[in-house]
Amino acid sequence: MDAGEQEGSTPTSPNLGDAARPEAAVRAYRARKRPMVLRSALVGLALGLVFLAVSPLASLSVLVGVACGLMNALLSMRGNERLVDHRSVGSFVFSSVLRILVFGIVPVGFGTHGPWWTFGSYFIGFFTPLTLYAIDVARAPRTKLT
């Protein structure tokens, strides 16, 4: 183990930190956030209108699911950025557990005040932003980052 890799020191990897990441990849990553929010809101509204024909509570659960999914996605992205920048695994894990607890308890409210299947409509909305972001990333041209 050489002096740069002592226990407790930060690793010397070319893939860590903003300065070491390719600027084009960082710009592309940040540019995908805004369209994800807009597309998710539009898809959420459309799904909400479709579910409105079935149940007003289901429609509301889809809309709340999309809002929670957007907050979760943006908070997850921010947490990942902070993890890369500060390497604070403890705070990353703590924020992840908090997100799971908060966004996991919301559908319980819909399930207790309405039909049991509103759990499903909530999670359809919740995973809409992630699905749209994954589709956007899959369509992006591949570049070699190393």
Side-chain angles (χ1 to χ4, degrees), residues 5 8-146:
E5 296 178 7
S9 67
T10 58
T12 55
S13 171
N15 294 327
L16 296 176
D18 267 338
R21 288 182 279 174
E23 280 300 312
V26 173
R27 280 194 307 275
Y29 162 75
R30 290 187 176 140
R32 285 189 187 103
K33 286 183 184 181
R34 189 170 296 127
M36 176 197 62
V37 171
L38 181 62
R39 282 188 219 124
S40 297
L42 292 174
V43 169
L45 286 173
L47 287 172
L49 289 173
V50 169
F51 276 91
L52 189 59
V54 177
S55 164
L57 189 62
S59 177
L60 180 63
S61 71
V62 167
L63 295 174
V64 170
V66 169
C68 289
L70 280 171
M71 286 187 287
N72 183 56
L74 294 173
L75 288 171
S76 294
M77 289 174 174
R78 181 65 184 139
N80 292 337
E81 292 165 10
R82 288 180 52 88
L83 180 63
V84 168
D85 293 340
H86 302 289
R87 297 179 189 97
S88 177
V89 176
S91 66
F92 176 77
V93 170
F94 180 70
S95 69
S96 296
V97 169
L98 278 177
R99 279 195 325 273
I100 290 169
L101 291 175
V102 169
F103 296 126
I105 205 162
V106 172
V108 173
F110 287 110
T112 58
H113 292 91
W116 64 268
W117 51 266
T118 55
F119 282 111
S121 58
Y122 169 84
F123 284 113
I124 287 171
F126 184 81
F127 288 109
T128 296
L130 178 64
T131 303
L132 294 175
Y133 186 79
I135 290 169
D136 192 30
V137 168
R139 289 181 180 170
R142 303 283 187 239
T143 59
K144 188 173 179 180
L145 298 177
T146 57

Gap separating the CG atom of L38 from the CG atom of L70, nearest 0.5 angstrom: 10.0 Å
Just list the side-chain donor-acceptor pairs under 3.5 Å for residues 43-65, sequence neighbours left out, or say none.
residue, atom, partner, partner atom, Å
S55, OG, L57, N, 3.3
S55, OG, A58, N, 3.3
S59, OG, G48, O, 2.7
S61, OG, A58, O, 2.8
S61, OG, S121, OG, 2.4

Shortest non-hydrogen contact between P129 and S40, atoms and distance: CA-OG, 3.2 Å
For the student: nearest non-hydrogen atoms of P107 and F119, plus distance: O-CE2, 3.3 Å
Point-to-point distance, once rounded to the nearest 0.5 Å, from OG of S76 to CZ of F103: 8.0 Å
Ring geometry between F123 and F126 (parallel below 30°, tilted from 30 to 60°, perpendicular above 60°): perpendicular
Partner residues of R99 under the salt bridge (charged side-chain N to carboxylate O under 4.0 Å, His left out) criterion, sequence neighbours left out: none
Test salt bridge (charged side-chain N to carboxylate O under 4.0 Å, His left out) applied to R39 - qualifying residues, sequence neighbours left out: none
Reported CE-to-CE distance for the pair M77 and M36, which is rounded to 0.5 angstrom: 4.0 Å
Please tabulate, for the side chains in residues 109-116, all donor-acceptor contacts under 3.5 angstrom to protein atoms that are two or more places apart in sequence or on a different chain.
residue, atom, partner, partner atom, Å
T112, OG1, V108, O, 3.1
T112, OG1, G109, O, 3.1
H113, ND1, G109, O, 2.7

Test side chain to side chain contact (heavy atoms under 4.5 Å, CB included) applied to F94 - qualifying residues, sequence neighbours left out: L98
Heavy atoms of other groups near I105 CD1, more than 12 under 6.0 Å: no
Nearest-0.5 Å distance that lies between atom CD1 in I135 and atom CG in L130: 10.0 Å
Pairwise salt bridge (charged side-chain N to carboxylate O under 4.0 Å, His left out) hits with a residue in residues 58-79, at least two apart: R78-E81
